[in-house]
> 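My questions all concern the structure below.
All values reported here derive from a predicted model rather than from experimental measurement.
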Amino acid sequence: MSNTEKVWYGVNLASTRLGAEALYATDDFFAPISRMIQDHDPVWIDDKYDDNGKWMDGWESRRKRSEGFDYGIIKLGISGKIKTLEIDTRFFTGNFAPATLIEACYSETTPDENTQWTEITENIALSGNNQLFVDVNDDTVYNHVRVNIYPDGGIARLRVYGEPEVRWDEVTGDKQIDLVAVENGGRVLACNDEHFGTMHNIIMPGKGINMGDGWETRRRREPGNDWVILALGHPGEVESVTIDTAFFKGNFPDGLSLQVANISDLPDTTLAAQSIYWKELLPKQSLSADAEHVFAEELNRVGVITHVRMNIFPDGGVSRIRLMGKPVKN
């Protein structure tokens, strides 16, 4: 797979931005296991060394001189069903782990020697300087993974893509939440362009950290406007909308509108064409640079919705969208 392809496998449950932690490693002499779950892509820095040898952007154990193997334990940022693993050995050439096997568990406490682990992969052969994607056929909810490497070596990044678990029965009807937030099961399904920043950033937690931590389209040189489609984590009624253009100053959209629908039986791939005709939640509003825009009185009463189409006019960048409301049984 080309590194330039934009493919979405689900939420990275092992993202540090979602609270994931590296809890333990049998050995991380050359590079700490915490680097393996960093959100940015691994990098190579020529002539960078530390006290133990060449600096590597990932997890790397020392050369094993006895029987056994190394392993590390990661606490996921969000509990969920694991669907795809990305095992990235970029820049590890003569020092990559030759094989790995991934296990998972659900534990309210820190895993220990009594923890029962479930193998979610077979033993996987790895190669150097490569990104490998492995599908997982398991509908169990997990909150920890254990990465076994045979016998030693390095992995640059581990991504654990899946579906967040949200206990909707514990969310009361009076509680207002962000219905499209990634931690509440929100998903970004499609857009017409994401030249400078991925569409998936707009539902991530917290404020954007820079202009690259948002969704930005190319400069439009033809009629029309850009758009993105999102699925709520649960059907609900939206009571207010926040659009944040943080860090977008000379490139924020001139205007924005929202269209919505209540859909339960259509595949995601069919929604882009149909979304043109969805009803209007928010009529076109003007935006400004590097600012949070909150809309409440401007919203039309549309009832329970499941999907949103955000239109930006004509192009530009948005850092975050928040759809505050209450989950409702559909």
Side-chain angles (χ1 to χ4, degrees), residues 1 5-25 33-42 58-59 69-90 97 99-112 114-126 130-150 155-168 170 180-189 198 200-201 203-205 231 233-234 268:
M1 175 178 296
E5 291 182 26
K6 292 186 176 180
V7 181
W8 185 246
Y9 298 95
V11 176
N12 178 18
L13 304 174
S15 167
T16 55
R17 295 173 65 186
L18 298 179
E21 298 178 70
L23 300 182
Y24 175 77
I33 192 170
S34 58
R35 288 182 193 159
M36 187 179 67
I37 58 171
Q38 292 179 119
D39 287 293
H40 62 80
D41 281 346
W59 169 39
F69 61 93
D70 290 320
Y71 68 85
I73 296 174
I74 304 298
K75 180 182 179 182
L76 302 180
I78 301 177
S79 303
K81 299 175 182 178
I82 299 172
K83 296 302 177 184
T84 302
L85 298 166
E86 178 185 354
I87 305 165
D88 186 344
T89 58
R90 275 180 288 178
T100 186
L101 183 148
I102 311 295
E103 300 172 290
C105 75
Y106 188 94
S107 176
E108 296 290 353
T109 59
T110 301
D112 57 24
N114 298 315
T115 299
Q116 297 296 310
W117 294 91
T118 299
E119 294 182 2
I120 59 173
T121 73
E122 298 177 343
N123 206 319
I124 303 165
L126 300 179
N130 183 50
Q131 288 173 273
L132 178 66
F133 294 83
V134 180
D135 291 333
V136 176
N137 185 20
D138 190 336
D139 284 330
T140 306
V141 172
Y142 297 110
N143 64 352
H144 293 81
V145 294
R146 176 170 136 154
V147 184
N148 305 298
I149 57 175
Y150 303 99
I155 294 176
R157 292 291 186 272
L158 175 73
R159 314 291 193 205
V160 181
Y161 298 113
E163 302 171 2
E165 177 205 27
V166 183
R167 297 178 179 176
W168 291 109
E170 298 179 5
V180 80
V182 65
E183 60 267 34
N184 291 327
R187 296 180 297 140
V188 187
L189 303 181
T198 173
H200 303 287
N201 285 335
I203 60 172
M204 291 297 286
H234 191 284
D268 293 346

> Please report the interatomic distance NE2(His234) to CG(Asn184), rounded to the nearest 0.5 Å.
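With rounding to 0.5 Å, NE2 (His234) is 11.0 Å from CG (Asn184).
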> Got Thr115 and Arg146 here, is their nearest side-chain heavy-atom distance under 4.5 Å?
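Contact flag for Thr115/Arg146 side chains = no.
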> If I compare all heavy atoms of Leu126 with all of Ala97, which pair ends up nearest, and what's the gap?
CB-O, 3.2 Å
> Where do Ile82 and Ala104 come nearest, in terms of heavy atoms and distance?
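That closest heavy-atom pairing would be CD1-CB, 4.3 Å.
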> Between CG of Leu23 and CD1 of Ile74, what distance do you get to the nearest 0.5 Å?
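Here the interatomic distance stands at 7.0 Å.
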> Check side-chain contact (heavy atoms from CB on, under 4.5 Å) between Asn114 and all other residues, then give those that pass, not counting sequence neighbours.
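Once residues adjacent in sequence are excluded, the partners of Asn114 under the side-chain contact (heavy atoms from CB on, under 4.5 Å) criterion are Asp112.
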> For Tyr106 versus Ser79, what's the shortest heavy-atom pair and its separation?
CE1-OG, 3.6 Å
> For a quick test of reading the model, state the closest non-hydrogen atom pair linking Cys105 to Gln116 and the distance between them.
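Cys105 and Gln116 have their closest heavy atoms at CB-O, 3.6 Å.
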> Please report the interatomic distance OG1(Thr118) to CD1(Ile102), rounded to the nearest 0.5 Å.
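Going from the OG1 atom of Thr118 to the CD1 atom of Ile102 covers 13.5 Å.
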> Is the closest side-chain heavy-atom distance between Gln38 and Arg157 below 4.5 Å?
yes
> Report the C-alpha distance between Arg159 and Asp88 in whole Å, list the side-chain angles of each, state the deciding distance to 0.1 Å, and finish with yes or no for side chain to side chain contact (heavy atoms under 4.5 Å, CB included).
CA-CA 8 Å; Arg159 314 291 193 205; Asp88 186 344; 5.8 Å; no
> Can you tell me how far apart OG1 (Thr140) and CD1 (Ile120) are? Round to the nearest 0.5 Å.
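Rounded to the nearest 0.5 Å, the OG1-CD1 separation comes out at 9.5 Å.
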> For the residue pair Asn148 and Glu103, establish whether any side-chain heavy-atom pair is separated by less than 4.5 Å.
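Side-chain contact under 4.5 Å: yes.
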> In a check of side chain to side chain contact (heavy atoms under 4.5 Å, CB included) between Leu85 and each of Thr100, Leu132, Val136, which one passes?
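The single option meeting the side chain to side chain contact (heavy atoms under 4.5 Å, CB included) with Leu85 is Val136.
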> Less than 4.5 Å apart, side chain to side chain, heavy atoms only: is that true for Lys83 and Asp139?
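Result yes, sub-4.5 Å side-chain heavy-atom pair found.
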> Kindly indicate whether the side chain of Val160, heavy atoms from C-beta on, has any atom under 4.5 Å from the side chain of Leu76.
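Yes. Closest side-chain heavy atoms under 4.5 Å.
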> Quick one: closest heavy-atom pair of Val166 and Glu183, and the distance?
CG2-O, 3.7 Å
> Please tell me if the side chains of Trp59 and Leu158 come closer than 4.5 Å, counting only heavy atoms from C-beta onward.
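Counting from C-beta outward, Trp59 and Leu158 never come under 4.5 Å.
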> If we only count heavy atoms from C-beta on, is the Met204 to Leu18 side-chain gap below 4.5 Å?
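Yes, at least one pair of side-chain atoms sits under 4.5 Å.
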> With a 4.5 Å limit on heavy-atom distance, are the side chains of Tyr161 and Asp135 in contact?
no
> Within the distance-only criterion (no hydrogens, no angle test), does the side chain of Asn143 pair as donor or acceptor with the backbone N or O of Ser107 below 3.5 angstrom?
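Present.
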> At their closest point, which heavy atom of Ala99 faces which heavy atom of Asn123, and how far apart are they?
CB-OD1, 3.4 Å
> Would you compute the distance between atom CD1 of Ile124 and atom CD1 of Ile87 and round it to the nearest 0.5 angstrom?
4.0 Å
> Quick one: pull up OG1 in Thr110 and NE2 in His144 and give me the separation to the nearest 0.5 Å.
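NE2 of His144 is found 6.0 Å from OG1 of Thr110.
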> Kindly say whether Asn130 contributes a backbone atom to a donor-acceptor pair with the side chain of Thr89 at under 3.5 angstrom?
yes
